[in-house]
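Let me begin by presenting the structure, written as structure tokens, before commenting on it.
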Amino acid sequence: MSMVPPRMSLDDHAIMPITTRPPLIMDRGAGSWLFDDQGRRYLDLVQGWAVNCLGHAPAAIRDALTVQAGRLLNASPAFHTAPHLKLATRLAAACGLDHVFFTNSGAEANEGAIKLARKWGTLHRQGAYRIVTLVDSFHGRTLATMSASGKAGWDRLFAPLMPGFTKVPVNDLTAIRAELAHGDVVAVMLEPIQGEAGVVPISDGVLQGVRTLTQEADTLLILDEIQTGIGRTGRFLAREHAGVVPDIITLGKGLGGGVPIGALVASKAVSCFAAGDQGGTYNGNPLVCAAANAVLDVVLAPGFLERVEVAGARLRSGLEACSRLHGLGCVRGRGLLLALDLGRPHATALVERARDLGLLINAPRPHLLRFMPALTISDDEIDTALVLIHQTISSLGGFP
Ligand SMILES: *Cc1c(COP(=O)(O)O)cnc(C)c1O
């Protein structure tokens with residue numbers, strides 16, 4: 001009898017075709033490794049899109065979920081629970097802010113941030129509601145967060161979008177200053193490093209400049225740290241590199257380590273939802289909060305973030321060596337959110353060949369590879385990944 005279970009057919013299934021998926025069925029994971037139902041293993045540098053910050057099936061999250069599942073899954077949002085109180089206290093402190101609203105996804109956290117900014121504008125800025133965001137930004141897939149996003153083509157998909165968002169170019173303080181001069185802007189919202197755009201960093205100087213400009217204009221600064229937060233860049237939050245404290249921070253992805261939870265974190269001055277303004281059936285349930293508390297136990301432990309920096313430096317220098325060897329473009333990003341610009345539109349072919357060789361990487365743009373491994377990836381696994389990347393490029397015959 002075979003150890004491998006019989007294969008489910010992929011010819012005719014009931015999944016809506018919202019993306020093209022390879023003909024594989026993923027079955028289990030362990031740390032940096034993902035296994036399909038045929039027993040093939042893949043070194044995973046995607047990790048559920050920067051979600052599994054502790055890798056696949058980490059014991060810390062498994063144990064926390066097991067204990068909490070046997071105790072209390074959901075008390076309803078109308079009650080306090082110990083996991084949500086503990087998590088909120090820790091997140092507020094780590095963000096340098098005061099109040100937390102839990103969500104089920106990143107998009108929902110950004111929705112909440114947009115609502116909070118609009119409410120604050122009604123109360124304190126004579127109804128100002130316009131929010132300035134950046135070209136190529138990604139803030140989620142709800143209608144409001146799609147409207148906030150600067151992704152090309154999204155203004156026509158599911159039209160009409162929600163009004164009240166203005167896009168300015170990345171790293172352009174002059175453009176932001178010009179928008180703020182109109183007096184009807186309630187907030188500037190941006191990602192410290194634009195993830196989906198292809199790991200495009202906002203410089204520390206520009207981030208500091210935006211903070212100064214928004215303060216001078218009595219306007220809120222919303223940082224979307226859904227991809228950059230929870231240790232991804234070698235600090236708990238990417239904003240720490242620039243020493244900037246915004247009014248609102250949104251979190252998601254790594255916060256749950258694979259379990260769906262997001263958070264909207266705000267200063268006391270901005271935290272103006274009244275009872276009944278905001279809510280959600282599953283929001284902040286004790287099960288997901290227990291998982292997030294387990295993630296924070298690991299990520300905030302002494303030495304963890306220093307190790308992320310060391311691992312990030314190792315991956316970066318290996319990618320730079322690979323780029324020199326094969327005549328490719330630059331490496332950018334911070335910590336373990338890195339991208340290699342290929343200088344040519346071969347990223348999709350590379351992703352597919354890499355998968356055949358047992359390596360999972362991501363191509364957010366046709367010319368760009370993105371790397372967002374588990375924050376717990378070992379030096380040996382980084383070196384193995386670099387060998388596989390080199391083999392992938394070589395097996396395609398290098399590049400013309
Ligand atoms: C992934 C992501 C989101 C959306 O999060 P979901 O959980 O997919 O809704 C929003 N902003 C940024 C920067 C992201 O990377």
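When a ligand or atom number is given, it counts from 1 through the structure's own listing order.
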I'd like to check which ligand 1 atoms, numbered from 1 as shown, lie under 4.0 Å from a non-hydrogen atom of [X].
X: Asp224; value: 10 (C), 11 (N), 12 (C), 13 (C)
X: Asn110; value: 10 (C), 11 (N)
X: Glu191; value: 13 (C)
X: Ser105; value: 7 (O), 9 (O)
X: Ala107; value: 4 (C), 5 (O), 6 (P), 9 (O)

Before signing off on this row, confirm whether [X] and ligand 1 have an N or O atom pair separated by under 3.5 Å.
X: Gly106; value: yes
X: Gln227; value: yes
X: Gly140; value: no

Using a cut-off of 6.0 Å, state whether more than 12 heavy atoms not belonging to [X] lie near its atom [atom1].
X: His80; atom1: NE2; result: no
X: Tyr282; atom1: OH; result: no
X: Tyr129; atom1: OH; result: no

Can you measure from CZ (Phe102) to CG (Asn283) and round to the nearest 0.5 angstrom?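 The CG atom of Asn283 is 10.0 Å from CZ of Phe102, to the nearest 0.5 Å.
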
Protein heavy-atom contact under 4.0 Å for atom 11 (N) of ligand 1?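 Given the 4.0 Å limit, the answer for atom 11 (N) of ligand 1 is yes, a protein heavy atom qualifies.
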
Looking at side-chain heavy atoms only, is the closest gap between Arg21 and Ile15 below 4.5 Å?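 Yes, at least one pair of side-chain atoms sits under 4.5 Å.
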
Are any non-hydrogen side-chain atoms of Ile222 and Val188 less than 4.5 angstrom apart?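 Of all side-chain heavy-atom pairs linking Val188 with Ile222, none is under 4.5 Å.
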
For a quick check under 3.5 Å, do Gln194 and Ser137 share a side-chain donor-acceptor pair by atom type?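 Not at all, the side chains of Gln194 and Ser137 share no donor-acceptor pair under 3.5 Å.
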
Identified side-chain hydrogen bond (donor to acceptor under 3.5 Å, both in side chains) partner of Asn293 from the options Arg90, Gln68, His84: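 For Asn293, the side-chain hydrogen bond (donor to acceptor under 3.5 Å, both in side chains) check succeeds only for Arg90.
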
Heavy atoms only: which of Glu111, Arg141, Lys253, Glu196 is nearest to atom 15 (O) of ligand 1?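 Answer by nearest heavy atom: Lys253.
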
Test of understanding: given a 4.0 Å heavy-atom threshold, classify the contact between Trp49 and ligand 1 as side chain, backbone, both, or neither.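 No part of Trp49 comes within reach of ligand 1.
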
